[in-house]
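Below: one structure, written as structure tokens.
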Amino acid sequence: MSEPLGMRAVDTPAAPRPAGAYSQGVAAGGFLFTAGFGPQDPATGAVPEGVGAQTAQVLRNIGAVLATHGLSLRDVVKVTAHLQHLRRDFAAYDAAYREFFEEPCPVRTTVGSDLMDILVEIDVVARIPDREPPR
């Protein structure tokens, strides 16, 4: 299948492989949209213990997808995060999250969700600067 005009799938072995029919990320309309990533280590599949460690791994996974397009977490404009235990884990999640983002932080929505054997899942939207993306 060919990609629609103006839309390009992003793929990297440095992030967990999709578990279904979706791309790790898609670049379109001047933005890169990532899939929701869990905390699996892409090399081993291992999931760290605790929401802080899981949040850090998720953001490293997202960073790997952004890097394929020459971007970093500094280019992120929107974050959507799902926590298995919103009330219990928010403070630890937020503390780990703050280690990856500088002011001005992207806008963020954090919700409680029924996740499969993980504590956190995050997806982002990043702005692609006005330059030709790497191929």
Between Gln40 and Pro16 (side chain of the first, backbone of the second, donor and acceptor by atom type, cut-off under 3.5 Å), is there such a pair?
no

Grab the two heavy atoms, one from Asp123 and one from Ala35, that are nearest each other, plus how far apart they are.
CB-O, 3.4 Å

Quick check: do Pro129 and Leu71 have side-chain heavy atoms less than 4.5 Å from each other?
yes

Treat each ILVMFWY residue as a node, draw an edge where side-chain heavy atoms are under 4.5 Å apart, and state whether Leu59 and Phe33 are in one component.
no

What's the shortest heavy-atom distance between Gly36 and Glu121, and which atoms?
CA-OE2, 3.5 Å

Is it true that, when you exclude Arg98 itself, more than 12 heavy atoms of the residues, nucleotides or ligands shown sit nearer than 6.0 Å to its CZ?
no

What is the distance from atom CG of Asp94 to atom OG1 of Thr110, rounded to the nearest 0.5 Å?
7.5 Å

Residues in side-chain contact (heavy atoms from CB on, under 4.5 Å) contact with Ala64, at least two apart in sequence or another chain:
Ala14, Ala15

What I'd like to find out is whether the side chain of Val10 reaches to under 4.5 Å of the side chain of Ser23, using heavy atoms alone.
no

Closest contact, heavy atoms only, Pro48 versus Ala46
CD-O, 4.0 Å

Apply side-chain contact (heavy atoms from CB on, under 4.5 Å) to Ala28 and list each qualifying residue two or more places apart in sequence or on a separate chain.
Met7, Val26

Under the rule for ring-ring contact (aromatic ring centres under 6.0 Å, His included), what residues qualify as partners of Tyr97, not counting sequence neighbours?
Tyr93, Phe101

List in chain and number order the residues that pass side-chain contact (heavy atoms from CB on, under 4.5 Å) with Val107, two or more places apart in sequence or in another chain; answer none if no residue qualifies.
Lys78

For a side chain to side chain contact (heavy atoms under 4.5 Å, CB included) check, start with the C-alpha distance between Phe37 and Gln24, then their side-chain angles and the critical distance, and finish with the verdict.
CA-CA 8 Å; Phe37 280 93; Gln24 290 175 321; 3.9 Å; yes

Counting C-beta onward and ignoring hydrogens, is there a side-chain heavy-atom pair between Ile122 and Ile62 closer than 4.5 Å?
yes

Check whether Phe31 and Val65 end up in the same hydrophobic cluster, where Ile, Leu, Val, Met, Phe, Trp and Tyr are linked by side-chain heavy atoms less than 4.5 Å apart.
no

What about Ile128 and Val76, same hydrophobic cluster or not, with Ile/Leu/Val/Met/Phe/Trp/Tyr joined at side-chain heavy-atom distances under 4.5 Å?
yes

Check step by step if side chain to side chain contact (heavy atoms under 4.5 Å, CB included) holds for Asp11 and Arg17.
CA-CA 9 Å; Asp11 181 54; Arg17 306 301 314 152; 2.6 Å; yes

Rounded to the nearest 0.5 Å, how far does CG of Leu32 lie from OG1 of Thr68?
6.5 Å

Show me, pair by pair, the donor-acceptor contacts under 3.5 angstrom made by side chains of residues 79-91, not counting sequence neighbours?
residue	atom	partner	partner atom	Å
His82	ND1	Ser113	OG	2.6
Gln84	NE2	Leu115	O	2.7

Are Pro39 and Val58 packed together at the side-chain level, in the sense that at least one heavy-atom pair is separated by less than 4.5 angstrom?
yes

Quick one: list whatever passes side-chain contact (heavy atoms from CB on, under 4.5 Å) with Ala56, sequence neighbours left out.
Arg60, Phe100

Non-hydrogen atoms of Pro42 and Pro13 that approach each other most closely:
CB-O, 3.9 Å

For Gly38 and Ile118, which heavy atoms make the closest approach, and how far apart are they?
CA-CD1, 3.9 Å

